[in-house]
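What follows is one structure encoded as structure tokens, with my remarks underneath.
As a basis for the values below, the full set of heavy atoms in this structure was taken, side chains included, without hydrogen atoms, waters or symmetry mates.
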Amino acid sequence: MPIGAIAALFFFTIRQMLRDAKFWAVAAVLLLPCALILTIRYFAPPIKSVEPLWEFYHSAVQFMFLMGLLPLACMIYGTGLIGAEAESRTIGYLITRRLRRRTVLLTKFIATALVLAMLGDAALAALHALTVTGHDWPSLAAKSGALADWNPMHDLTVYLGVTALGVVGFLAVFTLIGLLSAKPLALSVFYLVVFELVISNLPVGARAYSLIHQLRVTAAGAIPRLTKLFQLPDELTKRLYPAGGSGVPAALMIVGAALLIAFVLVTIRELTPAKVARD
């Protein structure tokens with residue numbers, strides 16, 4: 001196996017991402033929760049107990065970051081993981097390497113996932129710092145009830161892992177959509193809205209194939225109090241979010257299936273898009 005060519009493609013993909021204005025636009029989008037937190041902290045009255053801080057912190061991470069901004073960032077890159085080379089005029093670099101097409105796809109996938117995971121974790125760490133710093137924790141704990149023992153660092157550690165898993169999962173799904181459809185953006189938006197934002201919130205069997213649900217299961221397994229945010233009946237909560245449960249195996253199965261199909265598609269199809277052939 002030409003390890004040198006793989007390494008060259010890996011670092012080429014990272015350099016290409018960091019030089020692209022799209023990367024910095026995605027970074028700005030992922031930092032939107034931080035701007036919201038700064039605005040709220042500036043205008044809102046001082047927090048007098050842990051409860052509202054806990055609820056705001058987890059709501060921002062769950063409903064704004066993991067369910068909205070992170071999938072959007074992966075959609076932007078996943079749908080054009082190969083096809084975008086035509087726009088940036090680097091398709092010739094890929095098709096002249098001594099690499100199999102599936103190796104090209106996997107190498108670009110790993111490089112892109114690594115950069116997006118680091119970016120997502122950095123944005124999450126910034127959100128965490130802006131939310132929990134600058135408070136008198138002993139005073140807040142003294143005025144709090146069941147949440148007086150809240151450990152924000154534990155929750156941050158859990159969310160860092162969940163974010164990395166989410167990047168890998170969403171990037172794999174959107175990469176597959178980018179290879180399946182001639183209009184991947186429209187299909188990706190449909191998938192995100194209908195399947196990940198609607199079906200994942202319904203008590204139906206299909207939600208087991210939702211990445212957002214598996215990310216929630218993983219987070220709730222490590223942070224049991226998190227289920228209070230979802231406002232579900234106790235019996236339904238225990239069934240959907242079992243104590244100590246983990247969605248990692250199911251999420252990895254989704255990733256594996258998406259990448260396997262993507263490898264087959266990219267192997268049997270021409271790597272050079274029709275647009276490039278016409279040009």
Is it the case that the side chain of Ser210 and the backbone of Ala206 share a donor-acceptor pair, with hydrogens and angles ignored and the cut-off at 3.5 Å?
no
I want to know whether His58 and Phe65 have ring centres closer than 6.0 Å.
no
On a heavy-atom basis, the closest approach of Glu55 and Leu229 is CG-CD2, 4.0 Å
Quick check: do Leu32 and Met64 have side-chain heavy atoms less than 4.5 Å from each other?
yes
Close side-chain approach of Arg216 and Gln62, heavy atoms under 4.5 Å
yes
Please examine the side chains of Phe12 and Met17, heavy atoms only from C-beta on, and report whether any two atoms are closer than 4.5 Å.
no
Is the shortest heavy-atom distance from the side chain of Leu116 to the side chain of Val168 under 4.5 Å?
no
Would you call Val266 and Val104 a side-chain contact if the rule is heavy atoms closer than 4.5 Å?
no
Output yes when a side-chain donor or acceptor of Glu196 lies under 3.5 Å from a complementary backbone atom of Met67, and no otherwise.
no
What I'd like to find out is whether the side chain of Ile212 reaches to under 4.5 Å of the side chain of Leu66, using heavy atoms alone.
no
Between Tyr77 and Lys22, is there a cation-pi geometry (under 6.0 Å to ring centre, at most 45° from the normal)?
yes
N/O donor to acceptor pairs below 3.5 angstrom from side-chain atoms of residues 240-262, sequence neighbours left out:
{"unit_1": "Tyr241", "atom_1": "OH", "unit_2": "Arg207", "atom_2": "NH2", "d": "3.1"}
{"unit_1": "Ser246", "atom_1": "OG", "unit_2": "Val248", "atom_2": "N", "d": "3.2"}

Flag the pair His128 / Tyr57 as yes when their ring centroid distance falls below 6.0 Å, and as no otherwise.
yes
At their closest point, which heavy atom of Ala125 faces which heavy atom of Leu156, and how far apart are they?
CA-CD1, 4.3 Å
Does CG belonging to Asn151 count more than 12 external heavy atoms closer than 6.0 Å?
yes
Do the side chains of Thr13 and Thr107 get nearer than 4.5 Å, heavy atoms only?
no
Under the 3.5 angstrom rule, does the side chain of Thr112 hit a backbone N or O of Phe109 as a donor-acceptor pair?
no
Does some side-chain heavy atom of Ile223 sit less than 4.5 Å from a side-chain heavy atom of His154?
yes
Are there over 12 heavy-atom neighbours, none belonging to Tyr209, within less than 6.0 Å of that residue's OH?
no
Counting only heavy atoms not in Phe63 (residues, nucleotides, ligands), do more than 12 fall under 6.0 Å from its CZ?
yes
